Amino acid sequence: MCAHPGVGPWGNTGLLVNCVSGTMQSRRWFGGAGFSFADDPVTETLSQAIRGTGEELDREPDTGVLFGSLRGSVVGLRYYTGVVNKGEMVSLVRQPQNPYDRNAVMVANVYGSQVGHIKRELAALLANIMDNNLARVEGVVPFGVKNQFTMSVVLSFWGKEENRDAVVRQITSRSFKLQTGPTGTHTHADTGTLIASSWVISCLTVCLKNAFDNLFENLMEDKIGEREAVEAVCTPLLPHQKQALSWMCVCENNVALPHFWEVKGGLFYNTLTHSSVRERPQRVRGGILADDMGLGKTLTTIALILSNFHHGKPLCEPVSLGGRVNSILISPVNSKSKPNSNYTHPHPFDECIIWCVSQGKSVVSPVEAASSQSTDDPAARATLIICPLSVLSNWLDQLDQHVRADVKLNVYLYYGSERNRDTHFLSSQHVVLTTYNVLSAEYSVSGGWVCGSASPLHTVSWLRVVLDEGHIIRNPNAQQSKAVLKLNTQRRWILTGTPIQNNLRDLWMLVAFLRLKPFDVREWWNRVIQRPVTQGDKTGLQNLQALVKCVTLRRTKTSRVCGRPLVSLPERSVRIEEVELTQKEREEYELARTEGRTTISRYVAEGTVLKNYADVLAILVRLRQFCCHPDLLGKTTTHTAATPAELRERLIVKLRLVLGTGSDEECAVCLNSVRLPVITHCAHVYCRPCIAQVIRSEQEQARCPLCRGQIKASELVEFPLEEEEEGSNLLENWRSSSKVEALMSSLLRLRSEDDSIRSLVVSQFTRFLTILEIPLREEGFKFVRLDGTMSQKRRAQVIQEFQSDAPGSPLIMLLSLKAGGVGINLSAASRVFLMDPAWNPAVEDQCVDRCHRLGQKRDVVITKFIVKGSVEENMVKIQRQKQDLVEKAFGTKNPGERNTSRVDEIRALMEL
DNA sequence: ACCGCCGGGTGCC
DNA sequence: ACCGCCGGGTGCC
């Protein structure tokens, strides 16, 4: 996948491409400490086993650090067509078969055109390093190319620390000089940088997601017209669906290059990569339709298939409009749904040509259309739709529902053991539906060859391939991803509601599928997009946005068309209900607070807040818990610890308390919620993979990112999140609290006003949910509970029960803040009670979105309970500032800022 | 290449 | 002169 099409005379023979398989990943995110997961197979296997799937893992081994760079020259420019501009990156490709020199290293530009060769003596060095996998070599051309014979190139060497010596030795022994030291990239002298950088990374992820969501908000209307579907589609399209159809037709038909291409001096100049090509770049025909769920991606796609056949003409039309019909019934094999008489053999294509009447601006002239398709297989006519098994029947239903009954659309369900594998048969269909499993099964039997012949799906020349739930292919290592890349088609579409799931790495696979040049080649994606963005480079992000923008249409349920919402969602309002503590509670709270303040102010004065972070967190959690219910605190620990071992034990107990409550603590490395938590001997909590990576990259010198204490992999302590055992204890001597009372009175009032309104009661503390069960039962509320400890199956049951409108179904759901993840639908509820504020306001929003979504019929009212004069009030203030902070951190150059803000946050919380 | 290198022509000052 | 010097031909790996 990384080989460029060779242009030089030996370009195609025996290339040993520099991208040693899988080593082209973000070798370091910042400061030399790559935060990607292990290159250590044991760790990788372990974490994989723990998580059940390897999906979240970064499979690409980390290639380590920058050893240094040296200046060399590229020769033989005049023999090749590849052009390079000032500052542009080039790739180095080994040519072991070169008849003049087996050490030959070819230089290619971003578009894979050969530029020249590395000068002989230098090539001998590079060949040695590259062939032995000692380092990865990247080239940048530092100056404009003044003469036509040779040019300078700066080569940088990246590799594993253990190979540094060997590389340096190789270089010096051949009397080249390796420049080391700060070459504009960052060194990791300071752990502060580490934290700050990861903070920036985390902020970037947030910004990225926001940017992604907002990308099309403003641009849509002036750029996209509307287009009616052909008459064969019997369901009228909504305005935003007409826009999508228009956009999709433009994407398929338009010959114009994306806007980041300019014609400059007879060359095609790419404004993203600052590179030029002589040959007209291959254009993407298709894109990513990333509308939110429920906006009608399926219908729009069906409309596209029917409306935009060759040359912008419709595929077929209702019988009443003419056209001969050849009705040979083909039942979908193995179809669980009805064998529908609509699925018949088509009438001959050429006879159903009618110019599509375009309502919008997207008329395609025959000339444009013809020229754009000059190299296409004119016989290709079938659209292949690939989807997860679970939505196969949905496609059949929707085709049935949206296509006029008198249109003889020829749909074949390629599924089941009896499926017809005849490629001529498949090619002659209008639509072939299949699943990712079928596709990858056919493909993976010896790489696209099954039973000695090619996989039928990979043999057919498709007009169009549509990937439904396209985010499924985001892991490029998966068989189904590889299978999908190998399909032979003119147009490519990805339908997805969740285009970015974890990070931008997910996007690469989508870009690669679309063949968005040159980023379908991993090296360029990494060098131009991924590394810059993960290092916090704004230009990188802008490039990414531009890239995404040119191939994606995304509307959310809150997007607007012509000033009107796409879909109208009921109103949503937030009110904060202040809770007054009773006299007794106030006294107890103040006692705890004073004690905590004393401790923390001492840490602040000493500048040791981060060293004692565990302690600080524990104090804060206790105060937060106290605001909900005094019994949440659980057992109090002894306050004096005699030996270091006891101290350690005490800290572990405290951290167990912090994490065991389900509160949302961040890992200081990745700044996401802690996954697979481990505690260091200095009592700081990280995700195991994150801290393991830090330790691995810093080896013996590894220090805790928070307190800079020595850390060792062998000393990391895991704590299993133990089950609630004190539950019974909790319930036996049950007492109420001000917050419990506040909730109950709201719920009772609500029930007396309208007993059909359902509510979500949300807390970060699962123990609090347990406490709440008592008064709910007492008052005769029917409720269900959903928390993180429940099995997937049980969750589904609970959700179904809650969503059901059967008489006697529950009015209330007790929900732990982070249970269930995104995507669960609780639209039966229209009231949300947030019992305690979260550190991260986005988590609260996400939770509310579970009921404020498509399908919600009522206005949604959110009540946040905040104890007056407590940490909670301060948390709310910090929540408000947090969004600003993200913006600031995004642009900040000061690495210390993150630490400062952390301490400031704690000081603000404790009013110090 | 406004170079380096090669090899033929040439040869006091 | 088995040299130096000159100037034309030539040029990636």
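Letters A, B, ... mirror the listed sequences (proteins, then strands); counts begin at 1. All heavy atoms count here, side chains included; hydrogens, waters and symmetry mates do not. Owing to the predicted nature of the structure, the values given are computational and were not obtained by experimental measurement.
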Problem - Between dC5(C) and dA1(C) - C1' atom distance, rounded Å - result: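 Comparing C1' positions in dA1(C) and dC5(C) gives a spacing of 12 Å.
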
Practice task
Taking atom C1' in both dC13(C) and dC2(B), compute the distance separating them and give it to the nearest angstrom.
Solution key: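 These two C1' atoms come out 26 Å apart once rounded.
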
Give the rounded distance in Å between these two atoms: [atom1] of [X] and [atom2] of [N].
X       : N       : atom1 : atom2 : value
R94(A)  : dC12(C) : CZ    : C1'   : 15 Å
L92(A)  : dC13(C) : CG    : C1'   : 14 Å
N103(A) : dC12(C) : CG    : P     : 18 Å
L122(A) : dC13(C) : CG    : P     : 11 Å
K119(A) : dC12(C) : NZ    : P     : 10 Å
E121(A) : dC12(C) : CD    : C1'   : 11 Å
Q148(A) : dC12(C) : CD    : P     : 13 Å
R102(A) : dC12(C) : CZ    : C1'   : 18 Å

Practice task
Using the test ring-ring contact (aromatic ring centres under 6.0 Å, His included), find all partners of W493(A) that sit at least two apart in sequence or belong to another chain.
Solution key: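 Counting only residues at least two positions away or on another chain, W493(A) forms a ring-ring contact (aromatic ring centres under 6.0 Å, His included) with W247(A).
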
Problem - Base partner of dC2(C), which must satisfy Watson-Crick or wobble distances under 3.5 Å - result: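 Its partner: none found.
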
Handout entry: Centroid distance under 5.5 Å and plane angle under 30°, F149(A) vs dG11(C)
Key =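 Ring-base stacking flag not set for F149(A) and dG11(C).
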
Problem - dC12(C) pyrimidine/purine six-ring stacking with Y79(A), under 5.5 Å and 30° - result: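 Yes.
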
Exercise for the section: Report yes or no: is there a donor-acceptor pair, N or O only, under 3.5 Å between the side chain of D101(A) and the base of dC13(C)? Expected result: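 No, the side chain and the base share no sub-3.5 Å donor-acceptor pair.
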
Exercise for the section: Assess whether one donor atom and one acceptor atom, taken from the side chain of Y80(A) and the base of dC12(C), lie less than 3.5 Å apart. Expected result: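 A donor-acceptor contact between them is present.
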
Practice task
Can you sort out the partners of T459(A) under side-chain hydrogen bond (donor to acceptor under 3.5 Å, both in side chains), two or more places apart, ordered by chain and number?
Solution key: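 Counting only residues at least two positions away or on another chain, T459(A) forms no side-chain hydrogen bond (donor to acceptor under 3.5 Å, both in side chains).
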
Exercise for the section: Answer yes or no for K86(A) and F143(A): cation-pi contact, defined as NZ/CZ to six-membered ring centre under 6.0 Å and angle to ring axis within 45°. Expected result: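 Geometry flag: not set, cation outside 6.0 Å or 45°.
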
Handout entry: Closest non-hydrogen atom pair between S427(A) and V460(A), with its separation
Key =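 That would be OG-CG1, 3.5 Å.
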
Handout entry: N-O pairing of R491(A) and E252(A) below 4.0 Å
Key =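 Salt bridge between R491(A) and E252(A), a charged N being under 4.0 Å from a carboxylate O: yes.
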
